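Ligands are counted one by one from 1 in listed order, and the atoms in each one are counted from 1 as well. Every value quoted in this text rests on a predicted model; they were computed, and no experiment measured them.
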Amino acid sequence: MNTRIVTIARHLVDQEKNFPEATGEFTSLMWDLTIAFKIISKEVNRAGLAQYLGLTGEENVHGEKLQKLDVFAHETIFRAMDHGGHLCVMASEEDPGIIAIPSKFKKGKYVLLYDPLDGSSNIDVNVSIGSIFSILRKRTSGPDGTLDDCLQPGTEQVAAGYVVYGSSTMLVYTTCQGVNGFTLDPEIGEFLLSHPHIKTPEYGSIYSINEGYSAEWDSGTQQYIHSLKGQKSPQGKAYSMRYIGSLVADFHRNLLQGGIFLYPASCKDPTKPKPKLRLLYEANPLSLIVEQAGGRSSTGAQRILEIVPTSLHQRVPLVLGSAGDVLTYEKFFQGAASGIARSA
Ligand code: AHM
Ligand code: MG
């Protein structure tokens, strides 16, 4: 048994040694982020007791009702990150435009895109929720970051991660050198390395999709899901459907156990397919993590990380998880799109 205790601070410093050109700026940025996540975790755990239950009565840029904890998480991350001197701009699911670094603070070379509290409709019923983040390098000149700095393909991410506020709080992140998971020890207030070098199985027996929308799926997705029912996975286990409705929680389970998560576009109007999940701060960071863990991520037709973004809150179809399962899905999706039906 490995008895070494590794805090996230120690791990960040150790990882920095793999980057000879590192200045320590990135390590310091990540450290600031972990402080924000600890504060959010504390509030999430008190949600049933505190005044945060319920809605603010306002709507966000997507027309969804804002929950008070969303607002708290959004502001906590901003307040932890605006003055560190490492960022030039931020963007959040809860803000329609880019978020400038206040003029009184030094600007840095990194860009932070985040979903402060994903799956927030689950807060009131005590179901796991999460935060997601993506870090890019500034690519424009001048001290202030711009929209152009935010609109970079996922392949340009220097780091990405998520926190799941579940039965325990876990932070999982990658700096493109594999994936590591840390569990928050609430007694000492530290994230401790609990899941080193996460690798996702090549195939899983779990599929996660909101089946209530099956009539609106494209025919490739319909055929694929139909093909799993009553069958055994290549692991030899019968397929199980598991859908929490919290992307981070569904993703985290599948990453560790193997499986596939799907949120295809709604094809109610086939001329205007409507995806739900957002590219920059949901799909891209989770896609980088799953690829770094040996998995795969796709729209069905294209690798998520290669999509060139055109707007801050752009939505994409998202299918990710075990590489073998996602590849099989792509065959169904592309086969149906080209008119070749696949049998179950
Ligand atoms: P949110 O960012 O507004 O919380 O919405 C994203 C969430 C994801 O966590 C989850 O995968 C999905 O929406 C669930 O959507 P649905 O209820 O349509 O299945
Ligand atoms: Mg979200």
Side-chain angles (χ1 to χ4, degrees), residues 37 40 44 47 52 54-56 58-77 90-96 112-134 154 160-166 170 172 206-218 221 225 241-255 259-268 273-287 289-290 297 299 304 309 311-321:
F37 294 140
I40 297 168
V44 167
Y52 290 113
L55 307 170
T56 59
E58 293 168 17
E59 288 192 347
N60 71 3
V61 59
H62 312 288
E64 298 152 339
K65 289 253 181 316
L66 277 186
Q67 305 242 275
K68 286 185 182 176
L69 261 178
D70 290 23
V71 178
F72 175 83
H74 167 76
E75 285 172 2
T76 300
I77 294 176
M90 293 184 243
S92 156
E93 181 179 320
E94 301 302 341
D95 200 310
L112 173 67
L113 310 175
Y114 63 99
D115 183 351
L117 212 52
D118 184 70
S120 49
S121 58
N122 286 318
I123 295 170
D124 283 1
V125 287
N126 213 346
V127 168
S128 298
I129 47 183
S131 302
I132 315 174
F133 64 94
S134 161
Y162 64 85
V163 180
V164 57
Y165 310 102
M170 253 192 92
V172 176
I206 294 173
Y207 65 99
S208 309
I209 189 166
N210 188 336
E211 187 117 30
Y213 303 144
S214 58
E216 297 174 18
W217 297 339
D218 57 275
T221 303
I225 296 296
M241 204 286 285
R242 297 275 183 272
Y243 190 72
I244 297 169
S246 257
L247 175 59
V248 170
D250 279 311
F251 176 84
H252 181 68
R253 181 202 51 237
N254 291 4
L255 181 74
I260 182 168
F261 174 92
L262 311 96
Y263 207 115
S266 163
C267 296
K268 216 171 177 175
K274 274 178 81 174
K276 172 174 182 183
L277 298 175
R278 290 72 163 193
L279 175 61
L280 291 179
Y281 42 79
E282 292 179 329
N284 270 343
L286 298 186
S287 299
I289 291 170
V290 84
S297 176
T299 61
I304 291 283
S311 67
L312 205 51
H313 299 288
Q314 183 172 342
R315 297 170 189 260
V316 283
L318 178 62
V319 178
L320 79 180

Engineer: State the atoms of ligand 1, each with its element, that fall below the 4.0 Å cut-off from a heavy-atom position in Tyr213.
Structural biologist: 16 (P), 18 (O)

Engineer: So if I count the atoms of ligand 1 from 1 in the order they appear, which ones are less than 4.0 Å from some heavy atom of Asp115?
Structural biologist: 2 (O)

Engineer: How open is the angle at the Mg ion (ligand 2) from atom OD2 of Asp115 over to atom OE2 of Glu282, rounded to 10 degrees?
Structural biologist: 90°

Engineer: Output all residues satisfying ring pair (Phe, Tyr, Trp, His ring centres under 6.0 Å) with Phe251, sequence neighbours left out; order by chain, then residue number.
Structural biologist: Tyr162

Engineer: Distance alone, cut at 3.5 Å: any donor-acceptor contact between the side chains of Ser134 and Asn284?
Structural biologist: no

Engineer: Quick one: list whatever passes ring pair (Phe, Tyr, Trp, His ring centres under 6.0 Å) with Phe261, sequence neighbours left out.
Structural biologist: none

Engineer: If only atom types and distance count, is the side chain of Asp70 paired as donor or acceptor with the main-chain N or O of Pro116 below 3.5 Å?
Structural biologist: no

Engineer: Should you measure from each heavy atom of Ser120, which atoms of ligand 1 turn up under 4.0 Å away?
Structural biologist: 4 (O)

Engineer: I need the contact type for Leu247 against ligand 1. Using non-hydrogen atoms and a strict under-4.0 Å cut-off, is it side chain, backbone, both or neither?
Structural biologist: both

Engineer: Check Asp250 against ligand 1 and report side chain, backbone, both or neither, counting heavy atoms closer than 4.0 Å.
Structural biologist: neither

Engineer: So which heavy atom on Ser287 is nearest to which on Leu320, and how close?
Structural biologist: N-CD1, 4.0 Å

Engineer: Check ligand 1 against Ser246 and write out every atom of the ligand that is under 4.0 Å from a heavy-atom position of the residue.
Structural biologist: 9 (O)

Engineer: What do we get for Phe261 next to ligand 1 when only non-hydrogen atoms under 4.0 Å count, side chain, backbone, both or neither?
Structural biologist: side chain

Engineer: Numbering the atoms of ligand 1 from 1, which are under 4.0 Å from a heavy atom of Glu93?
Structural biologist: 1 (P), 2 (O), 3 (O)

Engineer: After noting the C-alpha distance and the side-chain angles of Leu318 and Ser297, does the key distance pass the side-chain contact (heavy atoms from CB on, under 4.5 Å) rule?
Structural biologist: CA-CA 7 Å; Leu318 178 62; Ser297 176; 3.8 Å; yes

Engineer: Check whether His313 reaches the backbone of Asp95 with its side chain - one donor and one acceptor, N or O, closer than 3.5 Å.
Structural biologist: yes

Engineer: Tell me whether Asp115 contacts the main-chain N or O of Glu93 through its side chain, where contact means a donor paired with an acceptor under 3.5 Å.
Structural biologist: no

Engineer: Would you check the N or O atoms of Val248, main chain and side chain alike, for any that come under 3.5 Å of an N or O of ligand 1?
Structural biologist: no

Engineer: Side chains of Asp218 and Pro264: does their closest heavy-atom pair fall under 4.5 Å?
Structural biologist: yes

Engineer: Enumerate the atoms of ligand 1 whose separation from the nearest heavy atom of Arg278 is less than 4.0 angstrom.
Structural biologist: 2 (O), 5 (O)

Engineer: State, to the nearest 10 degrees, the angle whose vertex is the Mg ion (ligand 2) and whose arms point to OD1 of Asp118 and OE1 of Glu93.
Structural biologist: 170°

Engineer: If I apply the N/O under 3.5 Å rule, does Tyr263 come out as touching ligand 1?
Structural biologist: yes

